[in-house]
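So the structure is just underneath, and the comments pick up after that.
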Amino acid sequence: MKPTKRDYSLLGRDAAAAVERGLASAAWYHTDVPRKTMKELMQRRDGPAMRDTAIWLGAMAVLAAGVIWLWPSAWAIPPLLAYGVLYGSASDSRWHECGHGTAFKTRWMNDVVYHIASFMIMRNPVEWRWSHARHHTDTIIVGRDPEIVAMRPPDLARILLNLFGIVDAWVAMKAMVLNVLGILTEEEKSFIPESEQPKVIRVARVWLAIYAATVALALLLGSILPLMLVGLPRLYGAWHHVMTGVLQHAGLAENVLDHRLNSRTVYMNPISRFIYWNMNYHVEHHMFPMVPYHALPQLHELIRHDLPAADTGIWQAYRAAWPALKRQLRHEDWFIKRELPATAKPYRPEFYGDVEPVMGAAA
Amino acid sequence: MSDWVDACAIDDIEEEDLIRFDHGGRTFAIYRSADDAFFCTDGLCTHEQVHLADGLVMDHIIECPKHNGQFDYRTGKALRAPVCEDLATHPVKVENGRVLVRIG
């Protein structure tokens, strides 16, 4: 592997450096919001997520029935593609929101949907709960955040392959097999408490049993259809969650303590927002992770005066992000410096210095 | 034997809410439940030492503002990952409209 100036491993040089520099488990910037208002925004409700989950799983059931009915004709392809996005992409945001415990008011509802979505997106629900907690503690801190999608220099081939889930699913399957055998990697052990580690193994064994049953059914029927509905949608339906997920942080600052500088809010169409469960309001989500997805548009309106201007669409956001990623292939210190409004307060600017972009550098 | 410490007036805390209270180099969270009872716990989440004062009170649960870990603030019991370790609690009494905490 080509050596880089950054060491993103959780047990490596930059992990220790982040701790030494005070970037680990640090206090982050928050826009001032009156306590009373924030309490209203944080209130949990079951209604919106029950409605959205009924639409999500109901649509999947109808589409799956259509696929089974039309299979193997070409007419099965449109419902299959739609089913795939609901399976391989909408599961990403359901995993995320229910993992935070904010989607529903009722705890068991969060937990049930969390486990279903975790299976679909192929993320061990125990392991990834801890991984995501670390992502919120140390967002885009090199050596601390285990969920950095676009490292520097960015692995564009990996990102493009993941539009079809290829790398992620392969990594997930390898991890599942190791976990089935009772093995956790040293990195996993670094962020999963010892008391939780047996649960990782139990889940992996249940999943393996489900996949084995699906393969057995496919062999029995002499058809790939069961796998097209369970497992493979993680590949052919992944593109939407990768398309939206890459925009969360790619090309922006690393090693800062201000989500306004390392996260991106993008206005999106209603269908993408349904699939993504409003995670396009990503600065807001990181700044106030207790605010449920359905209240994020209100939160955005409340604090937008203190945030960099939101990107006006997916295409517009990629018009800035994609050239930045390509530029980082050759100039890995370069990044998009988000401009704060003139009235906004900078926060911990001492951490801006070492990553000041070389704005004049040739792309 | 530790003394009772005057922490705040009862009206300083809204129903179903909490405030931060610092004393003797330590930090605490004082809660007022919907049925007008008062409770006190350590102020910092046992997961990553984030202060609970910005968290959300729901029924008898306090949810950490950073990672959504939950505790029963009456007992300090950890209820939801990523918190695994219980929160220390401290006795509380109300006298003459003031909330008093006994800090061990």
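By convention in this document, chain letters (A, B, ...) are assigned in the order of the sequence lines, proteins followed by strands, and residues within each chain are numbered from 1. Keep in mind it's a predicted model, so treat the numbers as computed, not measured. The figures here come from the full heavy-atom set of this structure, side chains too, leaving out hydrogens, waters and symmetry mates.
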Which atoms of B/E16 approach chain A - backbone, side chain, both or neither, heavy atom under 4.5 Å: backbone
For [X] and [Y], which heavy atoms make the closest approach, and how far apart are they?
| X | Y | value |
| --- | --- | --- |
| A/C98 | B/R80 | O-NH2, 3.5 Å |
| A/W130 | B/P82 | CH2-O, 2.9 Å |
| A/P289 | B/P65 | CG-O, 3.4 Å |
| A/M290 | B/L56 | CE-CB, 3.2 Å |

Step-by-step side-chain contact (heavy atoms from CB on, under 4.5 Å) determination, B/E63 to A/R44: CA-CA 12 Å; B/E63 185 174 289; A/R44 303 294 151 75; 2.6 Å; yes
Salt bridge (Lys or Arg N to Asp or Glu O under 4.0 Å) between B/E14 and A/K39, intermediate numbers included: CA-CA 11 Å; B/E14 289 184 15; A/K39 271 174 66 180; 3.3 Å; yes
Donor-acceptor contact below 3.5 Å, side chain B/H67 vs main chain A/A133: yes
Would the number of heavy atoms belonging to other residues, nucleotides or ligands and lying under 6.0 Å from [atom1] of [X] be above 12?
| X | atom1 | answer |
| --- | --- | --- |
| B/N96 | CG | no |
| A/E194 | CD | no |
| A/M109 | CE | yes |
| A/E301 | CD | yes |
| B/K77 | NZ | no |

Flag side-chain contact, heavy atom, 4.5 Å: A/R35 against B/D17: yes
Pick from A/K36, A/H100, A/H286 with the largest number of heavy-atom pairs that fall under 4.5 Å of chain B: A/H100
Worked check of side-chain contact (heavy atoms from CB on, under 4.5 Å) between B/I61 and A/R107: CA-CA 12 Å; B/I61 291 169; A/R107 201 188 322 164; 4.1 Å; yes
Gap between atom CZ of A/R129 and atom CG of B/N68 - 0.5 Å precision: 9.5 Å
Between CG on residue B/D59 and NZ on residue A/K105, distance to nearest 0.5 Å: 6.0 Å
